[in-house]
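As the structure lists them, so they are numbered: ligands from 1, and atoms in each ligand from 1. Residues take their numbers from the sequence shown, with the count starting at 1. Bear in mind the structure is a predicted one, so any value in this text is a computation, not a measurement.
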Amino acid sequence: MPVNVLFSARPAQWPIYKPLLTKGLTEAGVDFHLATEFEPDQVDYIVYAPSGGLLDFTPYTRLKAVLSLWAGVEKIAGNATLTVPLARMVDHGLTQGMTEWVVGHVLRHHLGMDRHITVQDGVWTPAPPPLATGRQVCVLGLGALGEAAARALAALKFDVTGWSRTAKDIPGITCLHGPDGLRTALSRAEIVVLLLPDTPATVSILNADTLALLPKGACIINPGRGPLIDDDALLAALNAGQVGHATLDVFRVEPLPADHPYWAHPNVTVTPHIASETRPETAAQVICENIRRGEEGEPFLHLVDRSLGY
Ligand code: NDP
């Protein structure tokens, strides 16, 4: 009997994903029906993004797994109506995009590019930047995205410290974990990159107390999630010069309201949640592989631990 695969994401994505999923499932040898509508009790897998609007999984009585198109699963991980495995997106294209965005923004701050791009005042004041070996960068979160970004920065010879929930051993990176590890990591970080998920344990992880640990004038780069930062504390730290600059891609409310103080702050760069995105060509392969695994009784890839929220 064919498996029924429901595509529940933004309608505009259907024409993009339909041929890719069709090709991938066919090549994987899966007998399938793929559609944007089924009777709920006939659905085996849901290819999912929150933008599709599906919130109640109760009627999906035959469901085997929900396969997220997004890496961040905070909008679905706590959904009590979901009782089957949830896999998040780990996509080569998404990872590469994030690495490029992080490296670009770290280099901007490391090289002091703004000084020469935004100020052309006829005054000759040479102030060469240090080499990357003399620049301490801290990456909070060493998962699919954080580890790749940390490795790329280490390859450029930055002095990289990474922080995660569990202990890690990554060549070329000083790996710390736990509350003491966070304090150590922040106290030496001239540039901090946030690539943590949004979970109950990470909300406001950058707050007045932790921002005070940073060397004065440190830069914050947040492509993770908005709730990782206490916004009032960050604005206070920016105004006091404790934080020199914040480059923020994600926010508690998106789109960031037009009257939010971040827009007007001279030491804040706002980007509209564009750090990286799921790339359909590579993401469809991940989804198809997981459906194949489900049908052949193999463990799913990239399962979310619902008790941890990521
Ligand atoms: P992963 O789940 O692979 O990695 C998460 C990392 O965070 C892991 O290293 C994990 O530690 C660590 N972590 C989680 N909770 C804690 C905690 N309480 N204390 C310390 N460390 C913790 O996620 P990804 O790397 O794939 O993605 C990270 C986030 O990036 C996503 O959740 C999403 O919010 C965001 N994102 C943003 C995009 C954008 O365009 N701005 C695009 C895509 C994703 P451990 O390894 O020990 O488990």
Side-chain angles (χ1 to χ4, degrees), residues 49-51 67-78 86-105 138-153 160-170 173-186 189 192-207 210 220-229 246-252 254-256 269-280 282-283 286 300-310:
S51 47
L67 309 171
S68 173
L69 288 169
W70 291 14
V73 289
E74 69 278 359
K75 286 186 163 57
I76 186 178
L86 167 66
R88 57 189 213 89
M89 181 49 66
V90 175
D91 158 36
H92 171 73
L94 174 72
T95 304
Q96 185 186 332
M98 183 60 80
T99 298
E100 292 176 9
W101 190 90
V102 168
V103 168
H105 284 277
C138 170
V139 181
L140 303 184
L142 290 173
L145 301 179
E147 179 176 342
R151 282 181 182 271
L153 293 166
V160 182
T161 299
W163 182 73
S164 51
R165 189 178 57 82
T166 58
K168 308 250 179 229
D169 182 8
I170 305 172
I173 295 163
T174 304
C175 295
L176 302 173
H177 67 283
D180 288 345
L182 180 62
R183 280 189 287 278
T184 306
L186 292 180
V192 183
V193 178
L194 287 101
L195 276 168
L196 292 163
D198 172 9
T199 73
T202 62
V203 169
S204 294
I205 201 146
L206 284 193
N207 53 49
T210 50
I220 310 287
I221 300 176
N222 185 17
R225 280 294 183 261
L228 300 174
I229 295 179
T247 296
L248 308 173
D249 185 56
V250 284
F251 304 91
R252 286 175 186 255
E254 294 182 9
L256 184 67
T269 300
V270 170
T271 59
H273 201 144
I274 45 76
S276 191
E277 63 176 1
T278 303
R279 314 287 152 153
T282 39
V286 177
F300 290 112
L301 299 171
H302 317 311
L303 278 181
V304 173
D305 181 333
R306 308 274 304 279
S307 67
L308 294 170
Y310 74 100

Q: Take Val139 and Val160 through the side-chain contact (heavy atoms from CB on, under 4.5 Å) test and state the conclusion after the steps.
A: CA-CA 7 Å; Val139 181; Val160 182; 4.3 Å; yes
Relative to [atom], which among [options] owns the nearest non-hydrogen atom?
atom                    : options                        : answer
atom 20 (C) of ligand 1 : Trp70, Tyr310, Trp163          : Trp163
atom 41 (N) of ligand 1 : Ala201, Pro197, Pro223         : Pro223
atom 46 (O) of ligand 1 : His177, Glu277, Lys168, His302 : Lys168
atom 21 (N) of ligand 1 : Arg225, Arg165, Glu74, Glu147  : Arg165

Q: Apply side-chain contact (heavy atoms from CB on, under 4.5 Å) to the pair Ile173 and Arg151, showing each step before the final yes or no.
A: CA-CA 7 Å; Ile173 295 163; Arg151 282 181 182 271; 4.1 Å; yes
Identify the protein heavy atom lying closest to [atom], giving its residue, its atom name and the separation to 0.1 Å.
atom                    : value
atom 27 (O) of ligand 1 : Leu145 CD1, 3.4 Å
atom 3 (O) of ligand 1  : Arg88 NH2, 2.6 Å
atom 4 (O) of ligand 1  : Gly143 CA, 3.1 Å
atom 42 (C) of ligand 1 : Ser276 O, 3.5 Å
atom 38 (C) of ligand 1 : Met98 CE, 3.4 Å
atom 35 (C) of ligand 1 : Gly224 O, 3.4 Å

Q. Stepwise, does the side-chain contact (heavy atoms from CB on, under 4.5 Å) test hold for Leu153 with Val102?
A. CA-CA 9 Å; Leu153 293 166; Val102 168; 4.2 Å; yes
Q) Taking atom types as modelled, is there a side-chain donor on Thr282 or Asp91 under 3.5 Å from an acceptor on the other? A)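 Note: Thr282 and Asp91 side chains meet the donor-acceptor criterion.
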Q: Test side-chain contact (heavy atoms from CB on, under 4.5 Å) on Asp249 and His105 and set out the steps.
A: CA-CA 11 Å; Asp249 185 56; His105 284 277; over 6 Å; no
Q.
More than 12 heavy atoms of other residues, nucleotides or ligands under 6.0 Å from NE2 of His92: yes or no?
A.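 Counting neighbours around NE2 of His92, 12 or fewer heavy atoms of other residues, nucleotides or ligands fall under 6.0 Å, so no.
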Q) So does Lys75 have more than 12 non-hydrogen atoms from other groups sitting under 6.0 Å from NZ? A)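 For Lys75, atom NZ is not crowded (no more than 12 foreign heavy atoms under 6.0 Å).
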(Q) Please give me the minimum heavy-atom distance between Val304 and Gly309, naming the atom from each residue. (A)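 In terms of heavy atoms, the two residues are closest at CG1-C, 4.4 Å.
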Is [X] reaching over with its side chain to a backbone N or O of [Y], donor-acceptor style, under 3.5 angstrom?
X      : Y      : result
Thr161 : Ala185 : no
Arg225 : Pro197 : no
Trp70  : Glu277 : no

Does ligand 1 have any atom that is closer than 4.0 Å to a heavy atom of [X]?
X      : value
Leu196 : yes
Thr202 : yes
Leu142 : yes

Atoms in ligand 1 with a heavy atom of [X] nearer than 4.0 Å:
X      : result
His273 : 39 (C), 40 (O), 41 (N)
Leu195 : 28 (C), 30 (O)
Gly141 : 6 (C), 7 (O), 9 (O)
Asp249 : 39 (C), 40 (O), 41 (N)
Val250 : 41 (N)

